[in-house]
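All remarks here apply to the structure that follows.
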Amino acid sequence: RFVATQFRAFLRQRRLMEACFRFDLRDQVRSGLVTVGRFDGEHPCLACATKTGKILIHDPYHQATKGDGSTLGSDVRYLSFQKQITSLASGAGNAKVSKDILFVGSETDLLAYDVERNVEEFHKDMPDGVFALAHGAFGSARERLVFAGGNCSIMGFDSTGKDKFWTVLGDNVCAMTLCDLAGQGDSQLLVGAEDQEMRVYVEGGDLLHEYSETEAVVDLVDLGGGRFAYALKNGTVGTYDGAEKSWRVKMAATPVALVAYDMTMDGSVDLVIGWSDGTVEVRSDRLDGGGEIIAKDKLSTSIAGLVVADYRMDGTNVLLAVSVKGEVRGYLPLGVKLPTPSPTPAATVVEERTSTQSKSDIAHLKTKLEELERQKRDLIAELEAFNQKTDGSSSSAVVVQDPELEIEMNLLSSDHILPVAHLQVTFSLGIDAAIAMVVMQADALFEGEMFVAYEDKDSPSRSIEVAVLPPNNTPYKVACKVSFGPPGANLLQIHELILEIPAFSMFQACDSVCGEEECVRLPLNGKVFQPQFNEWLELNFLAPQPVLSSDGVVNIRSLRDDTSATVKLLETEIVVCTQSMQLAGDLVQSFLQFFKVNELNSVAAFPTEIGGFRTILSQINDLQSVRLKLSADLAEKSNLSKGYLFQAEDARMLRDHGAMKTSYRALFNLNRDMMAQYRIRCTNHKELLEMLKSVNQFIQCASRLRAGKAKAAVVHGCRQALQDNNVERIVKVVELGCPP
């Protein structure tokens with residue numbers, strides 16, 4: 001009876017989805033480059049980027065035509081682009097127009113394209129590239145913008161291509177979506193980047209919230225009600241409710257696409273996940289669901305994209321799953337059946353294709369049934385093995401309510417475990433028992449998110465030591481599971497607890513004093529007193545914590561990278577002296593969060609890093625000059641190659657073989673020179689991107705020395721100065737915190 005109950009629950013969790021229609025695009029589709037839009041204002045069309053640099057438009061309501069007006073008998077047409085497509089999106093240009101515009105991003109451009117009229121709406125040069133696109137109403141004005149995320153930067157444009165938004169990040173943008181996380185009816189921009197951070201930006205470029213994860217973000221989707229879902233490169237998928245994480249799962253496959261869809265028709269959207277192994281999975285996002293699997297299906301190849309649209313035009317939204325091989329399946333909500341007769345010609349075409357594949361569908365269902373039967377047998381075998389293993393042992397097991405587990409954290413420069421600086425975490429029991437294993441799990445702390453330490457069975461011990469290396473200056477919450485029991489016992493008791501690692505756990509007090517030549521001054525007069533500052537020290541450092549001296553000074557040094565800082569608590573301000581602007585930003589942001597300061601401007605002086613920034617800007621100017629020269633040389637040689645080709649063809653027609661060989665030999669040498677120059681240009685482009693990334697990271701470090709409007713003013717002021725190529729103005733913005 002127990003097995004039957006478990007198996008029924010297993011079947012409910014893995015309810016198979018049945019495709020209401022399927023068809024083949026007869027072309028390969030690039031992963032993540034799938035969208036849907038009403039490009040004529042009425043009929044939904046599927047748009048996908050192919051591996052040949054084209055965009056495939058599937059329009060079942062209009063067939064492609066030849067030049068003489070006769071039909072090709074195909075519902076697929078192509079749009080050719082001369083550059084490699086890196087991102088794809090669609091949406092209405094403004095609220096007054098129902099027709100959708102196709103937005104195409106490449107490594108150097110952003111194009112807004114009217115598919116119906118075959119014209120460009122606008123074109124923008126994007127030197128930082130376009131790796132992710134998002135479109136929708138933004139801010140209190142609900143103006144429709146298209147956001148293009150590239151190399152450490154995000155830009156937003158209106159329907160005419162006018163620049164409306166710009167900000168910088170610490171790494172390349174991977175995914176973006178618009179959602180209302182503040183609960184005020186205004187949409188914010190949620191951005192995921194390769195630096196494992198998700199950030200929420202409000203109108204004006206202010207940062208509302210940050211989320212730290214364990215790997216680069218693959219996709220983001222708004223679930224409504226202040227909730228959103230995220231997917232990571234390491235196979236993790238989860239959701240957040242505001243600032244709190246709701247649930248998360250990790251699979252062996254990589255998530256490719258996310259979309260929100262009400263599969264159960266209960267008024268609450270569900271999360272649909274497309275995986276690299278071809279699985280389409282629907283998980284519940286209800287507060288009591290916890291990510292439970294509602295339904296699933298599997299395609300023959302990896303998923304390329306998921307979209308939702310009324311593709312049959314019968315009033316019911318359909319979930320469309322597209323594979324990289326061009327297979328498309330459409331799913332209706334559970335319990336909804338196909339109407340008969342079909343209301344549209346397009347639906348008739350789709351159903352005709354479905355009927356021709358009925359035999360293969362039956363075979364597919366038989367295969368799934370056999371797989372479920374095999375899993376049932378495995379579950380029964382596991383249950384029987386567990387009963388045999390625990391038979392006669394459970395009665396002798398004693399549950400210890402209080403194992404007197406103690407945890408001690410020490411900062412060591414090196415020891416027998418690791419030759420580098422690290423935290424030594426010691427778990428010890430106060431009872432007569434041995435620790436068998438410790439499992440530690442935390443986001444962005446361990447490789448693979450989990451670390452397991454265990455003792456040798458032949459030498460049981462009451463304590464176990466674990467070495468931890470925090471990669472940056474952020475606090476960590478580590479979920480620990482300690483398995484212990486009598487030596488040689490078959491059954492072990494598990495004790496769970498949360499270990500909190502302070503943000504500056506890799507720092508210790510030192511005697512060296514940093515001068516005020518490089519520092520940042522925070523005007524926190526009347527807001528911070530010595531007792532409050534001591535509380536901040538206790539919260540953010542390991543014992544023994546650095547102590548504030550009688551004159552209000554504390555010196556700290558990091559054992560991770562040997563950076564040091566001196567913090568001075570004065571009557572009118574806090575002065576942070578350090579040569580690292582990154583460390584200064586970490587300390588400033590920790591101050592602001594602890595003392596609950598939302599608006600703050602500061603005065604900064606970092607001549608060493610500003611000097612390096614000047615050098616980078618000079619190198620960027622040199623690289624851009626070389627790039628222009630190379631482009632001009634390539635254009636000139638391209639024209640020469642056409643001349644040689646024409647000369648060779650003329651000589652061939654005149655049967656002058658000597659002149660023909662001479663022209664082709666010159667063309668061959670010219671082509672070799674052009675290939676060499678092209679490789680130089682590619683190297684120049686990569687170096688330029690790295691330099692631009694360094695510029696954006698410097699601007700972000702400067703903005704982290706402030707909060708609120710002053711923080712956004714630094715970003716906008718630096719951007720305006722960069723556009724005007726005014727280096728001195730950038731320096732003043734970094735130092736003063738706002739445009740002079």
Side-chain angles (χ1 to χ4, degrees), residues 170 193 195-200 207-215 230 232 236 238 240-246 248 407-412 421-427 438-451 466-481 496-509 522 528 532-546 548 554 556-561 563 565 567 574 576 578 580 582-598 700-701 704-705 707:
D195 61 358
Q196 306 174 8
E197 297 286 335
M198 294 181 291
R199 300 174 176 87
V200 183
L207 182 63
L208 178 64
H209 195 77
E210 286 185 276
Y211 305 87
S212 296
E213 282 299 332
T214 60
E215 188 53 273
Y230 66 94
L232 305 182
T236 301
Y240 277 89
D241 186 2
E244 300 296 328
K245 184 177 292 185
S246 298
R248 53 174 283 177
I407 302 178
E408 183 181 359
M409 285 191 295
N410 295 305
L411 177 59
L412 303 179
H422 63 276
L423 297 181
Q424 184 189 67
V425 184
T426 304
F427 298 86
V438 174
V439 180
M440 306 174 69
Q441 184 175 2
D443 295 342
L445 183 58
F446 304 109
E447 184 178 357
E449 305 179 29
M450 187 177 295
F451 183 82
V466 180
V468 180
L469 287 82
N472 46 46
N473 302 325
T474 57
Y476 295 94
K477 288 187 177 182
V478 186
C480 303
K481 295 181 180 179
E496 299 184 5
L497 70 155
I498 300 296
L499 173 65
E500 295 187 359
I501 299 178
F504 301 97
S505 57
M506 295 295 291
F507 285 76
Q508 63 180 10
L522 310 176
V528 179
Q532 294 174 307
F533 194 83
N534 288 330
E535 291 180 10
W536 176 81
L537 290 174
E538 293 178 3
L539 181 65
N540 290 277
F541 293 84
L542 287 178
Q545 289 89 2
L548 195 66
V554 60
I556 56 176
R557 182 175 68 90
S558 171
L559 297 187
R560 184 194 301 114
D561 52 13
T563 57
V567 182
I574 292 179
V576 180
T578 178
S580 171
Q582 178 69 39
L583 175 57
D586 293 339
L587 290 169
V588 169
Q589 293 300 315
S590 181
F591 290 152
L592 299 177
Q593 183 178 4
F594 181 80
F595 299 121
K596 298 180 180 180
V597 178
N598 298 323
Q700 187 191 30
C701 287
R704 295 183 74 244
L705 302 177

Closest approach of [X] and [Y], non-hydrogen atoms and distance?
{"X": "F594", "Y": "E535", "result": "CZ-CB, 3.8 Å"}
{"X": "L411", "Y": "S505", "result": "CD2-O, 3.6 Å"}
{"X": "H422", "Y": "A467", "result": "CD2-CB, 3.6 Å"}
{"X": "L548", "Y": "L537", "result": "N-CD1, 4.1 Å"}
{"X": "G585", "Y": "L705", "result": "N-CD2, 3.7 Å"}
{"X": "C701", "Y": "Q582", "result": "SG-OE1, 3.3 Å"}

Side chain to side chain contact (heavy atoms under 4.5 Å, CB included) between Y211 and Y230, worked out: CA-CA 11 Å; Y211 305 87; Y230 66 94; over 6 Å; no
Contacts of T474 that satisfy side chain to side chain donor-acceptor pair (under 3.5 Å) - sequence neighbours left out: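 Listed in chain order: N472, Y476.
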[X] [atom1] to [Y] [atom2] distance, which is reported to the nearest 0.5 Å:
{"X": "L445", "Y": "L423", "atom1": "CG", "atom2": "CG", "answer": "8.5 Å"}
{"X": "M440", "Y": "F427", "atom1": "CE", "atom2": "CZ", "answer": "4.5 Å"}
{"X": "N473", "Y": "F507", "atom1": "CG", "atom2": "CZ", "answer": "4.5 Å"}
{"X": "F591", "Y": "D586", "atom1": "CZ", "atom2": "CG", "answer": "11.0 Å"}
{"X": "F533", "Y": "I574", "atom1": "CZ", "atom2": "CD1", "answer": "5.5 Å"}
{"X": "L539", "Y": "Q545", "atom1": "CG", "atom2": "CD", "answer": "9.5 Å"}

Taking side chain as C-beta onward, heavy atoms only, is [X] less than 4.5 Å from [Y]?
{"X": "V478", "Y": "Q441", "value": "no"}
{"X": "V425", "Y": "V438", "value": "no"}
{"X": "P502", "Y": "L542", "value": "yes"}
{"X": "L559", "Y": "Q508", "value": "yes"}

Pair S212, E197: side-chain N/O donor-acceptor within cut-off below 3.5 Å: yes
Flag for E408-N410: side-chain donor and acceptor within less than 3.5 Å: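 N410 vs E408: donor-acceptor pair found between side chains.
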Test item: Q589 side-chain N/O and R704 main-chain N/O as donor-acceptor pair under 3.5 Å: yes
Donor-acceptor contact below 3.5 Å, side chain R199 vs main chain L208: no
Check: F541 ring centre within less than 6.0 Å of W536 ring centre: yes
Derivation of the side chain to side chain contact (heavy atoms under 4.5 Å, CB included) call for V439 and F451: CA-CA 6 Å; V439 180; F451 183 82; over 6 Å; no
K245 atom NZ, over 12 foreign heavy atoms within 6.0 Å: yes
Greater than 12 external heavy atoms within 6.0 Å of Q593's CD: no
Pair F504-S590, side chain to side chain contact (heavy atoms under 4.5 Å, CB included): steps then yes or no: CA-CA 10 Å; F504 301 97; S590 181; 3.8 Å; yes
M198 vs E213, side chain to side chain contact (heavy atoms under 4.5 Å, CB included): CA-CA, chis, key distance, verdict: CA-CA 8 Å; M198 294 181 291; E213 282 299 332; 3.7 Å; yes
